[in-house]
Amino acid sequence: MLVTIEGIDGSGKSTLVDGLHAALADLDPVITREPGATWVGEAVRRSIAENTDPVTECLLFVADHAAHLAHVVRPAIAKGRVVVSDRYSDSRYAYQGVTLEGVIPDPIGWLRAVHAPFTLVPDLTFLCVLPVSEAEKRLKAKREHFEDAEVLERVQKNYLALARAEPERFVLVDALLPQEDVCGFVADEIRRRAR
Ligand SMILES: Nc1ncnc2c1ncn2[C@@H]1O[C@H](COP(=O)(O)OP(=O)(O)O)[C@@H](O)[C@H]1O
Ligand SMILES: Cc1cn([C@H]2C[C@H](O)[C@@H](COP(=O)(O)OP(=O)(O)O)O2)c(=O)[nH]c1=O
C-alpha cells in the first residue's frame, strides 16, 4: 500500500511522519520522502537554493520522483511493504501548478501527462490543511522561496482542488489539532485501510 502525506510548507508533515515511525512500528512501514530519497535530491536542493528557472526546477523534481520510484517505492511495494512518503506527485501538481503558471499553458495538465506513463498513483493521500497565516507562524526563520504567503495560498487552493477531484484517495487532516491527535488519526486511518 502506498500512502502519501501532502500539504503546504509548515503544515506539520515532517512532524507527522516522525510520529508515524512509532505509531505504525508493528506494520514495519518504509518511510520515505520527496525530494531527497536518492542523490537526485541534491540537485533539487541546489536548484531551490539558486532560484533556477521554473521549468528546470520542475524537471529536477520530476527526475527526483522517477529515481524515488525506481529505487525506493517500487521495490518496497513489490515486497508487499506499506510505503509512507512525505510529499509525492501531488506536490508537483500543487506547487509547480503555481510556479509554471504563465510559463507554459495548462501546467497541471502537462504535469499529469509527464507523470502518467511512469508514476504509481498512491492508494491513500493525507492532505494536511491549515490557514496559511498559521503555517507562516510555524515556519518562522526557515524560509525558502516557495514559502511566500501568496504562493502558499495558491498552492493550498491547488491541493484542495486535487482532493475534491479524487475524494476516494484523499483524506483531509485538520493540521491545527495537537501533534498527537494528528498522528493518531492518520495512523488509525492507515491501519483501517491496510487491513
Ligand atoms: N500539530 C501541530 N501543532 C503545532 N505545531 C506543530 C504541529 N505540527 C508541527 N508543528 C510545528 O510546526 C513547525 C513545522 O512543522 P513541520 O513538521 O516541519 O512542517 P512541514 O514538514 O509540513 O514543513 C515545526 O516547528 C513543528 O514543531
Ligand atoms: C516534492 C516537491 C517539493 N516542492 C517544494 C516544497 C517545499 O517548499 C520545497 C522543499 O520541500 P520539503 O523539503 O518537503 O520542505 P518542507 O519540509 O518545508 O515542506 O520544495 C515542490 O515545489 N515540488 C515538489 O514536487
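Each ligand, and each atom within it, is numbered from 1 in the order the structure gives. Worth saying up front: this structure is predicted, and the values here are computed from it rather than measured.
- Here Arg45 has side-chain heavy atoms under 4.0 Å from ligand 2, and that is the only part of it that gets that close.
- Across Ile190, Leu24, Val3, Leu20, a single residue satisfies side-chain contact (heavy atoms from CB on, under 4.5 Å) together with Pro29, and that is Leu24.
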Requested in this report: Begin with the C-alpha distance, continue with both residues' side-chain angles, and end with the deciding distance and a verdict on side-chain contact (heavy atoms from CB on, under 4.5 Å) for Leu177 and Asp174.
Outcome: CA-CA 6 Å; Leu177 292 173; Asp174 179 356; 3.8 Å; yes

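- Residues passing the ring pair (Phe, Tyr, Trp, His ring centres under 6.0 Å) test with His68: none are found, sequence neighbours excluded.
- Atom CZ of Arg193 has more than 12 neighbouring heavy atoms from other residues, nucleotides or ligands inside a 6.0 Å radius.
- Residue Ala175 has at least one heavy-atom neighbour below 4.0 Å for each of these atoms of ligand 1: 1 (N).
- Close approach to Arg92 involves these atoms of ligand 2, each under 4.0 Å from a residue heavy atom: 1 (C), 24 (C), 25 (O).
- Applying the 4.0 Å criterion to heavy atoms of Pro35 picks out, from ligand 2, the atoms 1 (C), 11 (O).
- A side-chain contact (heavy atoms from CB on, under 4.5 Å) with Phe61 is found for one member of Thr99, Ile48, Leu111 and no other, namely Ile48.
- On a distance-only criterion, Leu16 and ligand 1 share no N/O pair closer than 3.5 Å.
- Below 4.0 Å from some heavy atom of Ser11 lie the following atoms of ligand 1, by number and element: 19 (O), 22 (O).
- Heavy-atom distances between Arg33 and ligand 2 reach below 4.0 Å in at least one pair.
- To the nearest 0.5 Å, atom CD1 of residue Ile8 and atom CZ of residue Arg154 are 14.0 Å apart.
- In this structure, Ile5 CD1 and Glu34 CD are separated by 13.0 Å, a value rounded to the nearest 0.5 Å.
- Using bins of under 30°, 30° to 60° and over 60° for the plane-to-plane angle, the ring pair His65/His115 lands in the tilted bin.
- With a heavy-atom cut-off of 4.0 Å, Leu139 does not touch ligand 1 at all.
- With values rounded to the nearest 0.5 angstrom, Ile104 atom CD1 is found 10.0 Å from Gln96 atom CD.
- At a heavy-atom distance under 4.0 Å, only side-chain atoms of Arg87, from C-beta outward, approach ligand 2.
- Polar contact with ligand 1: present for Lys13 (N/O pair, distance under 3.5 Å).
- Atoms of ligand 2 lying under 4.0 Å from any heavy atom of Lys13, numbered from 1 in the order shown and given with element: 19 (O).
- Here is the list of ligand 1 atoms found below 4.0 Å of a heavy atom in Pro178: 1 (N).
- Backbone and side-chain nitrogen or oxygen atoms of Asp86 are examined, and none is located within less than 3.5 angstrom of a nitrogen or oxygen of ligand 1.
- Checking Glu6, Glu57, Gln96, Arg138 against atom 23 (N) of ligand 2, the nearest heavy atom belongs to Gln96.
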